[in-house]
Structures are given as structure tokens and as C-alpha cells.
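I have placed the structure first, in the form of C-alpha cells, so that the comments after it can refer back to it.
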Amino acid sequence: MRAVRRSALPKGVLARMANRQAAVDREPGRVEAIWSGSRKTQPIRAVFRTLQGMMGGTEHCMYCVHSHGSDIEHFWPKSPYPERAFVWENLLLCCTECGRMKGSQFPLHNGRPLLVDPTVENPWHHLDFDPMTGNIVARFVEEAPSAKGVATATLLQLSRREALAIEYKKTWRRLCGLVEAGGARLVERLLEADDHGLLGWCFDGTGAGEAPFAAWRARDPEGWNACAERVRLL
Ligand SMILES: [Zn+2]
């Protein structure tokens with residue numbers, strides 16, 4: 001996972017989304033039919049293109065940052081929460097596998113989501129990467145696993161997806177190799193090589209303590225900080 005900056009939707013698209021939301025608000029029981037009937041329309045196509053653009057050239061799923069983001073995902077599922085069906089801030093880009101695993105599950109704690117929304121928070125504050133296995137697990141915060149991290153990793157089975165773990169490990173090794181080699185344009189080369197959003201873990205997660213990132217930080221704190229700032233701006 002990685003933090004994703006949400007783009008603005010054109011005003012005309014937002015207005016047409018609001019019209020459809022008003023139709024759902026009048027007949028919440030028809031939310032599925034109204035959404036299905038809207039999928040091929042211009043405003044929803046614009047939503048899809050904007051979500052793809054938010055993931056840069058990769059168009060990856062915002063949950064696993066690995067598979068192709070083929071669907072518009074309702075973070076708050078649309079059937080139990082029809083009042084958010086056409087709300088831009090509730091829409092993410094998702095792959096078929098993550099969508100299937102999440103289904104209509106949406107755990108809450110005191111009315112707040114337990115699933116990480118990468119467009120409003122840094123996932124690596126709740127999740128941890130295991131460089132040995134390539135798995136993504138809950139991050140320990142003050143000696144206890146983050147409840148949000150546990151729910152997110154469990155729901156999306158982030159520690160049970162072999163193909164995902166293999167690719168995350170490859171990306172981690174690439175990043176390590178670049179840091180070890182050093183040289184010019186290191187930040188740019190790291191960003192180009194980071195297919196899975198792992199730099200967020202390297203700078204803001206527990207990866208900051210892993211060699212060779214920890215050694216880089218000790219050797220060149222200014223360079224390390226400059227790179228961290230660039231990663232956070234993405
Ligand atoms: Zn996915």
C-alpha cells in the first residue's frame with residue numbers, strides 16, 4: 001500500500017454525481033440498480049480515469065498496489081451506506097481480487113472505519129512489511145498491533161497472497177540495491193523503482209530502521225531527510 005493524494009474532480013462531474021446521489025437518497029433501496037445504470041455514463045468514466053491518474057502510470061489497485069485497478073471501489077460499501085454511493089471521497093480504485101476479499105465487509109470501531117483508506121492516511125502508520133517473507137502485516141504501535149492494521153491485513157489477506165509477497169520482496173531488494181550503490185539522482189531512481197509504495201515504509205514505517213536505509217540515515221541525514229520529504233509529497 002501507499003499513501004495516495006486525491007485529485008479534484010471537474011465541477012461538472014461533481015454536479016452530476018450529486019444529482020445521482022440525490023436519486024439514491026430518494027430511493028436508497030435502489031442504490032445497486034442506480035449505480036449499475038450509471039457505470040457506463042460520462043461522469044463515472046471520468047471518476048474512473050481520475051482514480052487511475054491518482055495511481056500514476058501504473059493504474060494499480062489502491063489496496064494491494066500490485067494488480068490492475070479494474071473497478072471503482074466504494075470504501076464504505078454502497079448497499080449498507082447508500083448515502084455515500086456517489087460521494088467522490090468514498091471512491092477508490094480496486095483490483096478484482098481485493099474487491100472480492102473485501103466484499104461487503106466493513107469493520108468499524110466506535111463508528112469509524114477499521115480499514116485503511118490510503119487517500120486519507122499513511123498506510124504504513126498501521127501496516128508493516130516483512131522483508132524476509134514479503135508479507136504485509138499489522139504494525140506494532142506502543143507494543144500492540146494496530147487494530148486498523150490487523151483489520152486491513154486480515155480483510156485483504158495481505159499476509160497470505162504469495163504472488164503479492166514475491167513481487168513486494170523483489171521491489172524491496174531493488175530499493176536496497178539502489179541505496180547500497182548510491183550515486184546521482186538516487187531519489188528519482190528510488191521513486192522509479194518503487195512499484196509497490198514501499199518507500200513509505202522505508203521512510204515513515206519501520207523500514208527506516210532496516211539496513212541499508214538505517215545506515216544511509218546515519219551516514220547522510222540531510223540526503224535521507226530530503227528523500228523522505230519527496231516521498232511524503234507524493
Ligand atoms: Zn488489489
Side-chain angles (χ1 to χ4, degrees), residues 1-7 35 39 44-45 47-81 84-85 87-107 113-131 133-139 146 148-172 174-175 191-202 204-205 207 231 234:
M1 262 201 192
R2 71 170 169 90
V4 178
R5 181 171 288 186
R6 185 173 289 278
S7 304
W35 178 262
R39 285 179 71 170
I44 299 302
R45 282 176 198 259
V47 164
F48 188 57
R49 282 195 304 273
T50 306
L51 289 169
Q52 286 180 318
M54 284 159 59
M55 291 307 281
T58 65
E59 300 177 3
H60 279 160
C61 165
M62 290 179 182
Y63 288 136
C64 65
V65 195
H66 174 62
S67 302
H68 180 66
S70 52
D71 302 309
I72 296 176
E73 146 78 355
H74 289 82
F75 183 69
W76 291 73
K78 58 185 172 309
S79 282
Y81 305 102
R84 297 174 193 255
V87 174
W88 170 227
E89 289 74 17
N90 190 43
L91 304 178
L92 302 176
L93 187 65
C94 181
C95 73
T96 310
E97 196 173 7
C98 287
R100 183 169 47 79
M101 284 173 181
K102 183 182 171 228
S104 58
Q105 299 175 84
F106 195 63
L114 271 177
L115 187 66
V116 169
D117 178 348
T119 64
V120 301
E121 59 205 326
N122 185 336
W124 299 111
H125 291 168
H126 303 283
L127 294 168
D128 208 350
F129 171 67
D130 180 350
T133 62
N135 287 332
I136 297 168
V137 295
R139 178 173 176 173
S146 152
K148 201 173 240 191
V150 170
T152 302
T154 305
L155 199 70
L156 300 172
Q157 299 194 20
L158 295 176
S159 60
R160 296 184 180 189
R161 290 162 69 171
E162 200 177 343
L164 198 65
I166 289 169
E167 295 304 319
Y168 267 73
K169 262 204 296 197
K170 279 188 197 164
T171 295
W172 167 242
R174 263 202 313 274
L175 297 176
L191 291 168
E192 280 165 21
D194 185 18
D195 288 342
H196 297 101
L198 274 178
L199 284 176
W201 177 75
C202 297
D204 282 327
V231 169
L234 293 178

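In what follows, residues are counted from 1 in the order of the sequence shown. First listed ligand is number 1; within each ligand, the first listed atom is number 1. Atoms considered below: every heavy atom in the structure, side chains included; atoms not considered: hydrogens, waters and symmetry mates.
- Residue contacts to the Zn ion (ligand 1): C61 brings an N, O or S atom closer than 2.8 Å.
- Backbone or side-chain N, O or S atoms of C94 do not reach the Zn ion (ligand 1) at under 2.8 Å.
- Electrostatic pairing of R174 and D195 counts as a salt bridge here, judged by a charged N lying under 4.0 Å from a carboxylate O.
- Using the six-membered ring where Trp is involved, Y168 and F129 have ring planes that are tilted, between 30° and 60° apart.
- The SG atom of C64, the Zn ion (ligand 1) and the SG atom of C95 define an angle of 110° (nearest 10 degrees).
- Classified by interplanar angle (parallel below 30°, tilted 30° to 60°, perpendicular above 60°), the ring pair W76/F106 is tilted.
- A side-chain donor-acceptor contact under 3.5 Å links R161 to the backbone of L156.
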